[in-house]
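Just so it is clear, the model here is predicted, and its values are computed rather than measured.
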Amino acid sequence: MRRPARKADGKTDLKAERDKRAEKDMFEKEIAEKIAGASVLDAEEIRAALEVPKDGRMGDLALPCFKFAGKLRKAPAAIAAELSAALDGLNVIGKKEIVGGYLNLFFDREAVVGKLAELSSWDGVATRGEREGAGKTVCIDYSSVNIAKPFHIGHLSTTVIGGALYRIFGYLGYTVVGINHLGDWGTQFGKLIVAVRSWSTLDEVRGKDEYFLNSLYVRYHKEAETHPEMDDEARAWFKRIEDGDPEANEYFDVFREVTMRAVEKIYKRLKIRFDSYAGESFYNDKMQPCLDILREKGLLTESDGAQVVRLDDYDMPPCLLVKADGATLYATRDIAAAYYRKQTYDFYKCLYVVAYQQNLHFKQLFKVLELMDFAGAKDMEHIAFGMVSLEDGAMSTRGGRVVWLAEVLDKAVEKAYNIVNEKNPDLADKDKIAESVGVGAVVFSALWNNRIKDIVFSFDKVLNFDGETAPYVQYTHARCVSALRKGGAYNIAEADWSAVASNEGYEVAKCLLSFEDVVRTAARLREPCHVTRYTVELAEKFNRFYIGHRIVVEDKGVMNARLFLTDCVEKTLRVALRLVGIDAPDCM
Ligand code: ARG
């Protein structure tokens, strides 16, 4: 195993690590096979030995030949000379050097760039090589909003991280099931019924939006402080929902309808989709078999009339599953949901994209499932993330100042409109572009860091066209489109690859070739930030190239090569942005 590159602060530098891996990946196979064909060594051991030198002057790849001294019974320098000869004629190698038992290999830059052209499916849509996800299903539980509550900024991360993972796994060939585990169960619905009956009517609620519903809920909490009898009434109404009482359920259906109408609008803007909306209430009739298993296995203990699973042996508080009054809980429903998902989808992994505040819940849930010998227990994962707050203060649902997501999106779009309008007043479709840029900026900022980091949101920062932002990447993409439009059709069979083999061109080509690996890394670590960071890196590299090299020039061979490189960048940026749910407008 090569050691990951370390930064000065001691953290692993994933970018440097990835660059190296991409470089190694590029020609490793051909080199290893060529050497294996001419020696007694086998390709796998050569691949394992090949390394990327820290110092670029030592080559792009190096083979430490002393590793084979035992097997070949020769001095490392002699081995290096022999293996070097085996590589004669391999056109991807520009230069070879033997230094102190190492065989140092330098790639031929034109061959690297030419390699791009070989990747016939460079539409970025179909993945190259083997599709790691074939035959495997990943369930992703994300967004999972609560009925009767407006979409606030606290739901942004779960929605966009889940949405990005959904597309990233899909890109790698997995079958993905997006699940919105709706919070559609609990005593709060009884409270809301009391509130509607006291200060509004069902018809009025039906015609209004989710904010109105929320205002009733807020008023309820205020009044219930001095009128505790309201809570008894609320409990009675909730019981009626549970018992299937038609009047109570009519209220509930309206709450759901109003909420879903609002939420769908947001999902549309964020390009989020689900395959299932089976929420908590869906499991009403699916918990008993799970409780039976728990009882059979002797895992249920009574505690003050309630049923719990004791987890002392695992340093956790007990997991409460049935209250003394017979009511089931969030955890009970999650156990039933796990069984249902395994049975329905036979998942390979089941991911829960939920804030770190629920760490304990998921630790308990997974432990209980394991104790139940649930078949999918080891494949459950909590994909935790940090908090989002605005520059001017944190938010919370109860009490504190709540920031609604729709307001944040609208404000970002308005600001984006002003910027776009100032930069390019004659642009057609400004509203549409402002929507792509404004929403994209918000989404991108929520996906920029490792999930677990708390985010402080700033409009100016996320909309900075020269920052590490969506608008910067979108702008670069539009620049590619414009160059391609000016250049017209090109022909790679008549490309002069030396026209893109400068340092800048070579950096772009290597970055393009590492895209697949970036997506795989993002999936493996469940970290969409690998994709967002990649888009900025590629945009920066392309811009450096663009400044130093005219794309549209007289010389056809030169132009063919540069247009091709630009085209690859355009497609890759578009696909990468799509993976994280962001539009790539053609002009800005
Ligand atoms: N509705 C919950 C909340 O907003 C999140 C549900 C997450 N999914 C789950 N299966 N527990 O906090």
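Salt-bridge check for Arg533 with Glu537: failed, with every basic side-chain N at 4.0 Å or more from each acidic carboxylate O. Using a 4.0 Å cut-off between charged nitrogen and carboxylate oxygen, Lys510 and Glu507 count as a salt-bridge pair. Note on Lys541 versus Glu504: no salt bridge recorded, every NZ/NE/NH1/NH2 to OD/OE distance being 4.0 Å or above. Ion pairing between a basic and an acidic side chain is recognised when a charged N comes within 4.0 Å of a carboxylate O; Glu381 and Arg526 show such pairing. Ion pairing between Arg256 and Asp253 fails under the 4.0 Å rule for side-chain N and carboxylate O. Remark: Glu223 engages Arg219 in a salt bridge, criterion side-chain N to carboxylate O under 4.0 Å. Under the 4.0 Å criterion applied to side-chain N and carboxylate O atoms, Arg479 and Glu570 are not assigned as salt-bridge partners. Taking 4.0 Å as the cut-off between side-chain N and carboxylate O, Arg261 and Asp209 do not count as a salt-bridged pair.
Side-chain contact of Ser143 with His155: a donor-acceptor pair under 3.5 Å is absent, judged by distance alone. There is no side-chain donor-acceptor pair under 3.5 Å between Glu225 and Tyr220.
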Query raised in the report: When you look at Asn543 and Thr476, which way does the side-chain contact (heavy atoms from CB on, under 4.5 Å) test go after all the steps?
Result: CA-CA 7 Å; Asn543 284 325; Thr476 308; 3.2 Å; yes

Query - From CA spacing to verdict: side-chain contact (heavy atoms from CB on, under 4.5 Å), Ile140, Ile383 - result: CA-CA 10 Å; Ile140 310 182; Ile383 310 301; over 6 Å; no

Requested in this report: For the pair Phe457 and Glu391, evaluate side-chain contact (heavy atoms from CB on, under 4.5 Å) and give the outcome as yes or no after the intermediate values.
Outcome: CA-CA 6 Å; Phe457 182 87; Glu391 258 178 334; over 6 Å; no

**Report entry** Stepwise side chain to side chain donor-acceptor pair (under 3.5 Å) test for Asp334 and Tyr283
**Finding:** CA-CA 9 Å; Asp334 258 332; Tyr283 298 100; over 6 Å; no

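Partner Tyr142 forms a ring-ring contact (aromatic ring centres under 6.0 Å, His included) with one of Phe274, Phe169, Tyr352 and no other, that one being Phe274.
Taking the side chain as every heavy atom from C-beta outward, Phe515 and Tyr534 approach each other to under 4.5 Å. Looking only at side-chain heavy atoms (C-beta outward), Lys271 and Asp583 come within less than 4.5 Å of each other.
In terms of modelled atom types and a separation under 3.5 Å, the side chain of Ser482 and the main chain of Ala478 share no donor-acceptor contact.
Residues satisfying the side-chain contact (heavy atoms from CB on, under 4.5 Å) criterion with Asp275, sequence neighbours excluded, are Tyr166, Val177, Arg273.
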